[in-house]
Undergrad: 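Quick one: this structure, given as structure tokens, is what I'll be asking you about.
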Number of protein chains: 2
Amino acid sequence: MDQLEIFKALSNKTRLQILQWLKEPEKHFPPQEHAAFDEVGVCVGQIQQKAGLTQSTVSEYLSILQKSGLLESTRLGQWTYYKRNEEAFAALSNIIKSEI
Amino acid sequence: MDQLEIFKALSNKTRLQILQWLKEPEKHFPPQEHAAFDEVGVCVGQIQQKAGLTQSTVSEYLSILQKSGLLESTRLGQWTYYKRNEEAFAALSNIIKSEI
DNA sequence: TAGGAATATCGGGAAAAGTCGATATATCTT
DNA sequence: AAGATATATCGACTTTTCCCGATATTCCTA
């Protein structure tokens, strides 16, 4: 768990928003065709549309969040789904409470 | 409490170190002349020496940490002392657990 | 009140991050 | 195998951050 990498990942307004959207996907995204929110999360295209940035930028952002450990990704056919890794958030909360 | 501002403040190796040093000042700094660690914290000069960066850079970093709310400062004579604002860390930990 | 010490601020050059369009890759469908 | 669709990567440009030296400010003391 690289703290610095995590804080850098969190240092962007859009990335913070994405994390919050993914907290309650059913509240922020239309139903998906090929997979359930709880299982795999939300696909890149839906997140991109909501973010209002280009596909390449959002793909990059999701990759940053994944590398930091805050998101997990699943490839299903031509779609990549991202969902939160709640353990990572809990661990981060504890690190702030005890280590930092 | 501006989350984005806090995460940006935490996105730097030296600033993270400073926060950790200030967690146990007596362990990381020599005794001070004019004030007690618990009361006001550590003065800029001592932090600067330990950080090994220039005075201007460290002063700037401390200011960033203070503006984010993670540090508090006290001016005593010609010295400015910085110490942690533990409430802010507790609040941040909770925000990560519940909001982000 | 002049000089010295501690800190803050300013201006700038280098490095990193933000963001895009274009292109590559992977997968599905026919 | 070809075309379509979803995502990833690349190259470039702009903005922000990093970090410095120089200078300004504040406060102390002789």
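Only a predicted model underlies this, so the values are computations on that prediction, with no experimental measurement involved. To find a chain, count down the sequence lines: A is the first, B the second, and so on, and within it residues start at 1.
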Undergrad: Would you check, one step at a time, whether the test side chain to side chain contact (heavy atoms under 4.5 Å, CB included) holds for T74(B) with T80(B)?
TA: CA-CA 6 Å; T74(B) 312; T80(B) 307; over 6 Å; no

Undergrad: I need the residues from residues 38-71 of chain B with at least one non-hydrogen atom less than 4.0 Å from DNA chain D; give them sorted by number, or say none.
TA: L53(B), T54(B), S56(B), T57(B), Y61(B)

Undergrad: Quick one: side chain to side chain contact (heavy atoms under 4.5 Å, CB included) partners of A91(B), sequence neighbours excluded?
TA: M1(B)

Undergrad: Report the distance from atom CG of L71(A) to atom CD1 of I47(A), rounding to the nearest 0.5 Å.
TA: 7.5 Å

Undergrad: Please, which pairs that meet salt bridge (Lys or Arg N to Asp or Glu O under 4.0 Å) have at least one residue in residues 61-81 of chain B, sequence neighbours excluded?
TA: none

Undergrad: Check each residue of residues 3-24 of chain B for a non-hydrogen atom within less than 4.0 Å of any atom in DNA chain D, then write out the ones that pass by number, or none.
TA: K8(B), S11(B), N12(B), R15(B)

Undergrad: By side chain to side chain contact (heavy atoms under 4.5 Å, CB included), which residues pair with E60(A), not counting sequence neighbours?
TA: I64(A)

Undergrad: For residues 12-20 of chain A, which side-chain donor-acceptor pairs fall under 3.5 Å, sequence neighbours excluded?
TA:
{"unit_1": "N12(A)", "atom_1": "OD1", "unit_2": "T14(A)", "atom_2": "N", "d": "2.9"}
{"unit_1": "N12(A)", "atom_1": "OD1", "unit_2": "R15(A)", "atom_2": "N", "d": "3.0"}
{"unit_1": "N12(A)", "atom_1": "ND2", "unit_2": "Y61(A)", "atom_2": "OH", "d": "3.3"}
{"unit_1": "R15(A)", "atom_1": "NE", "unit_2": "A9(A)", "atom_2": "O", "d": "2.8"}
{"unit_1": "R15(A)", "atom_1": "NH2", "unit_2": "K8(A)", "atom_2": "O", "d": "3.2"}

Undergrad: Considering only heavy atoms, which members of residues 73-81 of chain B lie under 4.0 Å from some atom of DNA chain D?
TA: G77(B), Q78(B)

Undergrad: Going 5' to 3' along DNA chain D, which nucleotides are the first and last within contact of chain B (any atom under 4.0 Å from a heavy atom)?
TA: dT17(D) to dC28(D)

Undergrad: Please, which pairs that meet salt bridge (Lys or Arg N to Asp or Glu O under 4.0 Å) have at least one residue in residues 22-36 of chain B, sequence neighbours excluded?
TA: E24(B)-K27(B)

Undergrad: If the condition is salt bridge (Lys or Arg N to Asp or Glu O under 4.0 Å), which residues does E39(A) pass it with, not counting sequence neighbours?
TA: none

Undergrad: Keeping to residues at least two apart or across chains, list the salt bridge (Lys or Arg N to Asp or Glu O under 4.0 Å) pairs with something in residues 78-87 of chain A.
TA: R84(A)-E86(A)

Undergrad: Apply side chain to side chain contact (heavy atoms under 4.5 Å, CB included) to Q48(B) and list each qualifying residue two or more places apart in sequence or on a separate chain.
TA: Q55(B), V58(B)

Undergrad: Report the relative orientation of the aromatic rings in F37(B) and F29(B); use parallel for angles under 30°, tilted for 30 to 60°, perpendicular for over 60°.
TA: tilted

Undergrad: Which heavy atom of Y81(B) sits nearest to which heavy atom of V40(B), and what is that distance?
TA: CB-O, 3.2 Å

